[in-house]
Visitor: 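Dropping a structure here in structure tokens format, bear with me for questions.
Residue numbers start from 1 in every chain, and the chains themselves are labelled A, B, ... in the order their sequence lines are given, proteins ahead of strands. Note that the coordinates shown come from a computational prediction; the quantities given were computed from them, not determined experimentally.
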Amino acid sequence: MPELPEVQTIVNELAENLPGSTISSCRILRESIVQGDQTRFRRIVKNKLIQKIERRGKYIIFSLSSDFWIVVHLRMTGKFVLQPNSRQPQKHDRVVFYLSNHQKLIYSDVRCFGTFDLTDDLQECRGLNQLGPDPWSEEVTAARLKKELTNRKIPIKTALLDQKIIAGLGNIYASEILFDAGVNPIIAANSLSERKLSVIIRSMRKILNLALQYNGTSISDYRRVDDKQGTFQNFLKVYGKADQKCLNCSSQIVKITQNQRSTFLCPTCQK
DNA sequence: AGCGGAACCTGTCGGC
DNA sequence: TGCCGACAGGTTCCGC
């Protein structure tokens with residue numbers, strides 16, 4: 001569900017509300033989500049102060065007192081909700097943190113793909129420690145990308161989804177970025193010129209900045225912490241638009257499958 | 001090493 | 001109405 005703009009929106013809202021609160025206790029309603037020893041997780045988290053909340057790629061990192069971190073990945077359908085303690089439990093509540101200020105922070109997840117990792121060493125946290133640079137990092141340059149994609153015959157769309165190359169892009173924004181850049185998603189990553197790669201980088205930053213401005217894309221599940229929707233879905237140009245007309249050239253938008261996932265493109269604008 | 005496909009789990013929607 | 005397959009914003013694992 002959530003890609004970088006959605007995760008960042010959630011992090012902004014959590015960061016506004018949570019720091020300074022203490023976790024009084026924690027209930028785990030679906031064990032598979034919390035990695036490792038559940039009892040240890042509950043014991044360590046208890047009475048810890050929430051100091052800071054940050055994003056890295058699509059991960060949410062909660063800094064707790066005593067140098068512990070909770071690293072959360074929302075996967076497809078995870079979300080956070082902040083509610084008064086009195087709110088009735090809902091069907092898809094999976095992890096609940098009861099806070100010192102009479103609120104509870106609920107992790108809700110229909111499909112239960114999401115993960116919680118508790119660690120005292122962020123470098124050791126698998127997944128997190130393999131991430132490539134954030135899209136705005138100065139490490140992301142056409143020259144570096146060109147070098148990194150040598151010997152990679154995978155389609156450029158698939159390369160954009162690889163979190164080791166750039167961290168944070170997902171299925172919606174990969175399609176939107178390549179449309180904006182005028183690049184066909186099936187082109188082999190290693191066949192793109194440095195010049196084309198710099199166009200893709202520019203489109204990536206433009207689209208992500210815009211999506212951040214609109215608090216992300218709410219198509220089905222994604223909601224903000226306050227349950228409001230993002231609004232970038234109103235600005236999508238190809239994702240989910242199969243059989244509609246391209247806004248630039250009126251050709252039919254086409255849906256194809258790459259690596260078991262949908263890709264949308266305009267065959268005329270994206271050569 | 002790099003790549004494609006299956007698996008993880010639940011819900012919704014469209015077709016017959 | 002009911003059943004069945006396809007599909008959904010992501011990642012990891014396994015075999016070639």
Visitor: Side chain to side chain contact (heavy atoms under 4.5 Å, CB included), that's the test. Do A:L4 and A:L169 meet it? Break it down for me.
Guide: CA-CA 6 Å; A:L4 188 154; A:L169 303 180; 5.9 Å; no
Visitor: Nearest whole Å is fine: how far is C:dT11 P from A:L169 CG?
Guide: 10 Å
Visitor: Is there a donor-acceptor contact under 3.5 Å linking the side chains of A:W69 and A:T119?
Guide: no
Visitor: What are the atom names and distances for every N/O pair under 3.5 Å that joins the protein to nucleotides 14-16 of chain C?
Guide:
none

Visitor: For a quick test of reading the model, state the closest non-hydrogen atom pair linking A:D117 to A:C125 and the distance between them.
Guide: CB-SG, 4.1 Å
Visitor: For the pair made of CG in A:D162 and P in C:dT11, what is the distance, rounded to whole Å?
Guide: 10 Å
Visitor: Whole-Å distance between C:dG10 P and A:I10 CD1?
Guide: 13 Å
Visitor: Ion pair present between A:D93 and A:R87, side-chain N to carboxylate O less than 4.0 angstrom?
Guide: yes
Visitor: Looking at B:dC8 and A:F113: do their rings stack (centroid distance under 5.5 Å, interplanar angle under 30°)?
Guide: yes
Visitor: Let me check something: do A:L178 and A:I186 share a hydrophobic cluster, defined by ILVMFWY side-chain heavy atoms less than 4.5 Å apart, either directly or through other members?
Guide: no
Visitor: Looking only at the side chains, is there a donor atom on one of A:T77 and A:D221 sitting less than 3.5 Å from an acceptor on the other?
Guide: no
Visitor: In terms of relative ring orientation, are A:F232 and A:Y214 parallel, tilted or perpendicular, with 30° and 60° separating the classes?
Guide: tilted
Visitor: I need the CZ-C1' distance between A:R75 and B:dG11, as an integer number of Å.
Guide: 19 Å
Visitor: Would you please indicate yes or no on a ring centroid separation below 6.0 angstrom for A:F80 and A:F62?
Guide: yes
Visitor: Measuring only the P atom in each nucleotide, how far is B:dC9 from C:dC13? A whole number of Å is fine.
Guide: 15 Å
Visitor: Figure out the CG/C1' separation between A:L128 and C:dG10, and round it to whole Å.
Guide: 15 Å
Visitor: Any idea how A:F41 and A:F97 line up, ring-wise: parallel (<30°), tilted (30 to 60°), or perpendicular (>60°)?
Guide: tilted
Visitor: Could you tell me how far apart A:D93 (CG) and B:dT10 (C1') are, to the nearest whole angstrom?
Guide: 15 Å
Visitor: Under 3.5 Å between N/O atoms: give me all the protein pairs with nucleotides 4-8 of chain C, atom names plus distance.
Guide:
from	atom 1	to	atom 2	distance (Å)
C:dA8	OP1	A:S262	OG	2.4
C:dA8	N3	A:R111	NH1	3.3

Visitor: Roughly, in whole Å, what's the span from CG in A:D109 to C1' in C:dG10?
Guide: 11 Å
Visitor: Check this for me: does any side-chain nitrogen of one of A:R56 and A:D134 sit under 4.0 Å from a carboxylate oxygen of the other?
Guide: yes
Visitor: So A:G127, base contact, sugar-phosphate only, or nothing? Heavy-atom distance under 4.0 Å.
Guide: sugar-phosphate
Visitor: Can you tell me which residue among A:K79, A:E13, A:Q229 is in a side chain to side chain contact (heavy atoms under 4.5 Å, CB included) with A:R224?
Guide: A:E13
Visitor: Heavy-atom contacts under 4.0 Å between residues 176-185 of chain A and DNA chain B, which residues?
Guide: none
Visitor: In whole Å, what separates the P atom of C:dA6 from that of B:dG5?
Guide: 15 Å
Visitor: Please check if any side-chain donor atom of A:E6 sits under 3.5 Å from a side-chain acceptor atom of A:Y173, or the reverse.
Guide: yes
Visitor: For A:E194, is there an ion pair with A:K146 - N to carboxylate O distance below 4.0 angstrom?
Guide: no
Visitor: Once you round it to whole Å, what is the distance between P of C:dG10 and CD1 of A:I219?
Guide: 11 Å
Visitor: Check whether the side chains of A:S218 and A:Q233 place a donor and an acceptor atom closer than 3.5 Å, and report yes or no.
Guide: no
Visitor: Please tabulate, for the side chains in residues 235-256 of chain A, all donor-acceptor contacts under 3.5 angstrom to protein atoms that are two or more places apart in sequence or on a different chain.
Guide:
from	atom 1	to	atom 2	distance (Å)
A:S251	OG	A:T268	OG1	2.6

Visitor: Hey, mind stepping through A:L105 and A:V95 against side chain to side chain contact (heavy atoms under 4.5 Å, CB included) and telling me if it holds?
Guide: CA-CA 8 Å; A:L105 176 67; A:V95 182; over 6 Å; no
Visitor: Base, sugar-phosphate, or nothing for A:S218, non-hydrogen atoms under 4.0 angstrom?
Guide: base
Visitor: Taking the side chain from A:Q130 and the backbone from A:R126, do they hold a donor-acceptor pair closer than 3.5 Å?
Guide: no
Visitor: Does A:K58 make a side-chain N or O approach to OP1 or OP2 of C:dT11 shorter than 4.0 Å?
Guide: yes
Visitor: Taking only the P atom of each, what is the distance from B:dA6 to C:dG5 in whole angstrom?
Guide: 16 Å
Visitor: Does the side chain of A:H73 get closer than 4.0 angstrom to OP1 or OP2 of C:dG10 through an N or O atom?
Guide: no
Visitor: Contact list please: residues 145-156 of chain A against DNA chain B, heavy atoms, distance less than 4.0 Å, in numerical order.
Guide: A:N151, A:R152, A:K153, A:I154
Visitor: Let me check I have this right: for DNA chain B, each base becomes ., (, ), [, ] or |, based on Watson-Crick or G-U pairs with both distances under 3.5 Å. What is the full string?
Guide: .|||||||.|||||||
